[in-house]
Structures are given as C-alpha cells and as structure tokens.
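One structure is given below, encoded as structure tokens.
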Amino acid sequence: MQHDLVIRNARVVTSGGVSLCSIGITGGQIEALGTHLDGEEVIDARGLIAMPGGIDSHVHISQPSGPGIEMADDFASATRAAACGGNTTVMPFCLPEDGQSLRDAVTAYLAKAEGQCLTDVSLHLIVKSVDPVTLGQDLPALIAQGMTSFKVFMTYQGMRLTDAEILQVMDVAREQGALTMVHAENEDAIEFLRDKAERDGRTQPVHHARTRPVPVEREATHRATTLAEVADVPVMIVHVSNGAALDEIQRARARGVRVFAETCPQYITLTADDLDRAGFEGAKWVCSPPPRDTDEQAAIWAGLEQGAFDVFSSDHCPFRFADKAGKDAPGARTSFRNIPNGIPGIETRLPILFSEGVTKGRISLERFATLTATNNARIYGLESKGSIAIGKDADIVLWDPSLTRRISQDDLHHGSDYTPWEGFEVTGWPVRTILRGQTTMLNGAPVGNPDGRHIARTKPDATP
Ligand code: URP
Ligand code: ZN
Ligand code: ZN
Ligand code: ZN
C-alpha cells in the first residue's frame, strides 16, 4: 500500500507505550502503524520522538478585554504560535460582548477564525449571564452544534456568577450532556483584600498575588466541587495553582464527585516574586490565579506525577506590556486592580513541560502525551484527535529531545511583546508539526496555508 506520507524511524508515543515504528498517513488520517511502510513522501525522523499533536484546551484569543485594551493575539497569530510550539488544536473561549447573545458571539468568533488558523480550533463557551435566552435557547443550541463545554467564573466583576446561578448553569449542563469548567476564586474575599491593600497604598503588581492568596482559591474549589456534587454533574477545575486546592479536588473525588483538574506552566515555573519586579514590570506576570511559591510548585508537580491532574493547558491570555502597564505611559496604572489578567504561553507550554517533566525524569513520555493531548481530546469530546492511532487525524509533532534552547521573545510567534519565560532554558523542542498530514511548522518556522477548521465535538467523557 502506498500512503500519502510515511514518517519513518521515530520513537512513536501511543497509548500502548513507546515503540520504534513508521506512521502511514493517507487523506489526512493515520492509516497504518508498522514497519516497511511506503509513501509518496517520506520523512526520516531518526532520533526524533513522534507524539500526538498538542491540544491546548485553554486559550484566550481576540477576547473582549475592557475599554481601550486589545488582546495581543488574533486567530492568525495565536494559531501560528501554537503550531510553532507543537500544537495542532487549540480551544479558545467565546466570551460575548456586553449585551451580545452567546449565539451571536459564536457567529462572530467563527467568522474571525475562518481562513486564519494554522491549527484546528474548537470553541468553549463562557456563560456570564443566566438569562432565559442563554440558558433556555442559546446553550442547548450551541451544545447541539458541538460546543460541548463552557466556563463559569466565581471571580471578576461583570463575569462572576453566584452559587445559585452556577447551579442553574450546571443543571443545563446535566440536561444537555455538556461539561462545566470553573474558575475557582472567591471574589468577595479578593475584593475585601484588594480594597484594604489600596487603602494602605499597596498598589504595585505584586499585590495582585497577595490579594488572591491560596485560601481564596481553596475555598472556591471546595465550593465549585460541592456545587457539582449537588447538581450531579462532572466539573473541570481549570488552572489549579496550589496543593490545598488540589486536596479539595481529591476529597471531592473520594466522595464520588466527577472532578477533572487542569494546571498550567506558570504554576510549575513562576512564583509571586516574579510580580515583584521594579517599576511596573511585574505587571507582565499578572494572571489569575497568581503564581505561588516553590512549595506550591512541588505540590503541583506531585499532582502531575501521580495523575491527580487530567490536563495541562497554557491559559494563554496575551496582552502587550503597554496594555498591562497602562496605555499612555508605562507605569501609568495607579493600581494592580486595573492590570488586565493573563499571560502569553501558547508556544512555550509544551517545551516547558517536556523539559521540566520528561527531560528531568519527573514524568514519562506517555504521561506527557496524556496530559497535553490524549486526555484533552477524550474529556472534551474531540473524537478524531489526541492519539497516534489508526483512524485518527494525522496530528503529529516531532520532537528533538536533545535540542537545548533558551526561550526568547525574539524567536516566538505570538502577538505579545514579551514572554514571561525570557531566558528560561529548556531541553527538548518540537521541530516539525503536522496537522491532518500537512506540515504547519518546520524547524521553528510556520509553513503552509492556514487550513485549520473548527471541530464540532461529541458529548464530553464524564469518566475521570
Ligand atoms: O489571568 C488569567 N488567567 N486570565 C485569563 C482568564 C482566565 O481566568 O482564565
Ligand atoms: Zn496519494
Ligand atoms: Zn480562569
Ligand atoms: Zn483562562
């Protein structure tokens, strides 16, 4: 049999383990795994590792971000950076503008993505209001169209839902078979600490971290998992930053609640000290929940090693420094309160976990694939994706495990004008990304046409 493309001599990571074999690709799908495969085109991947293409299941692209502030990435730049970082699918959130219906917001997002994407895309929804149209019409219609997961926020003025509202949304999730994702931080506690800090003149970026301490996240994580228990739905706790929150998740699981957990590169590599840089520089590291300390990093690592985390995503939420610091003059912001939350990380997620996890011997190649692609596909219902297996989309990333690089803004492809990991050394870097059989990145450069599609999903797998 002649395949369109054969990848030879790679160490191939599948659910069954790691083996030296060839991958035969035809019509954009994996047609054969074995030896002696022939293809019209052959890639010799000797010395490289073939992994399922990364699925970044938590990113923000072109999201409305408040008056005068523009997110640094549109779909073209975000997916270009994603492909260069070894990803083949990204899952951005659709946030309605104030007054816009969820359905209209989705239409507008899909139009922005159309023809722009170097990865496949599959939207999550954000539910920021529980009006009858959103709950009774838009959500069921959009879930039926394959947008089978949505996020609710327990923090951020204008976005947060009350417990009563979250229960209403979870009830729709239960009826329609969708997955609820929760941003778990206690807004009242944050506001109390923030108002106090401002009254005392503590307004520098580091006070963003100090006014969102671990108990604020721990309590909200307990409440989110309890609400899921009451509503009898599975729940995904996103961007878990510390051991106490993870303990709440484990306790809920022990009670039989179906809880998934996500963590991100910032919680294994950055600390609150990064927000404490001179001037307003620390604004570059402001995200929520904030990075913690090395003890909490160790707790997150233990969770990654022991399987307490299901997925590892970036929470890419890119701004330019001028927007972080205040538009007219750097440092013009009077308080950390006004710094847009979020950091860029779509291109560096996989190299950071590979280097800190696989290269340093903390996790296996199989666990890496599970956390960065396989579980992301399984949990969110991306049936054709997430594994190197016959019949799946040929979404593959080739890694050079011995390539050592220093992360540098100069080499990245995102729209932000900085990276929180400037100078961070990693060993292991993706050298070729393949989306449905077509190369989208080669040796660090994006290639090919933006052929990414929006992928409708099946009902999520509610089995943790
Ligand atoms: O600071 C963050 N993480 N911004 C992105 C929005 C969110 O909460 O995920
Ligand atoms: Zn052919
Ligand atoms: Zn969040
Ligand atoms: Zn996020």
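Note that this is a predicted model, so its numbers are computed, not measured. Whatever order the structure lists them in is the order used to number ligands and atoms, beginning at 1.
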- request: Kindly check if the number of other-residue, nucleotide or ligand heavy atoms within 6.0 Å of CG (Asp98) is above 12?
  value: no
- prompt: Just one of Val238, Ile346, Asn376 clears the side-chain contact (heavy atoms from CB on, under 4.5 Å) bar with His58, so which one?
  reply: Val238
field: side-chain contact (heavy atoms from CB on, under 4.5 Å) partner of Pro420, chosen from Ile407, Thr348, Ile343
entry: Ile343
query: Parallel, tilted or perpendicular: which fits the ring planes of His60 and Phe93, with parallel below 30° and perpendicular above 60°?
result: parallel
- request: Describe, in one word, how the ring planes of Phe354 and Phe368 are oriented to each other, choosing from parallel (under 30°), tilted (30 to 60°) and perpendicular (over 60°).
  value: perpendicular
task: Go through the side-chain N and O atoms of Thr134 and Asp138 and say whether any donor and acceptor fall under 3.5 Å apart.
output: no
message: For the aromatic rings, using the six-membered ring if either is Trp, is the centroid distance between His239 and Tyr267 under 6.0 Å?
response: no
field: Cut-off under 2.8 Å, centre the Zn ion (ligand 4), protein N/O/S atoms
entry: His58 NE2, His60 NE2, Asp315 OD1
task: Side-chain contact test, heavy atoms from C-beta onward, threshold under 4.5 Å: evaluate it for Phe150 versus Ile126 and give yes or no.
output: no
Side-chain touch Gln116/Pro450, heavy atoms, less than 4.5 angstrom: no
- request: Collect the protein residues that have a non-hydrogen atom under 4.0 Å from ligand 1 and hand them over in chain and number order.
  value: His58, His60, Lys151, Phe153, Tyr156, His183, His239, Cys287, Ser288, Asp315, Cys317, Asn341, Gly342
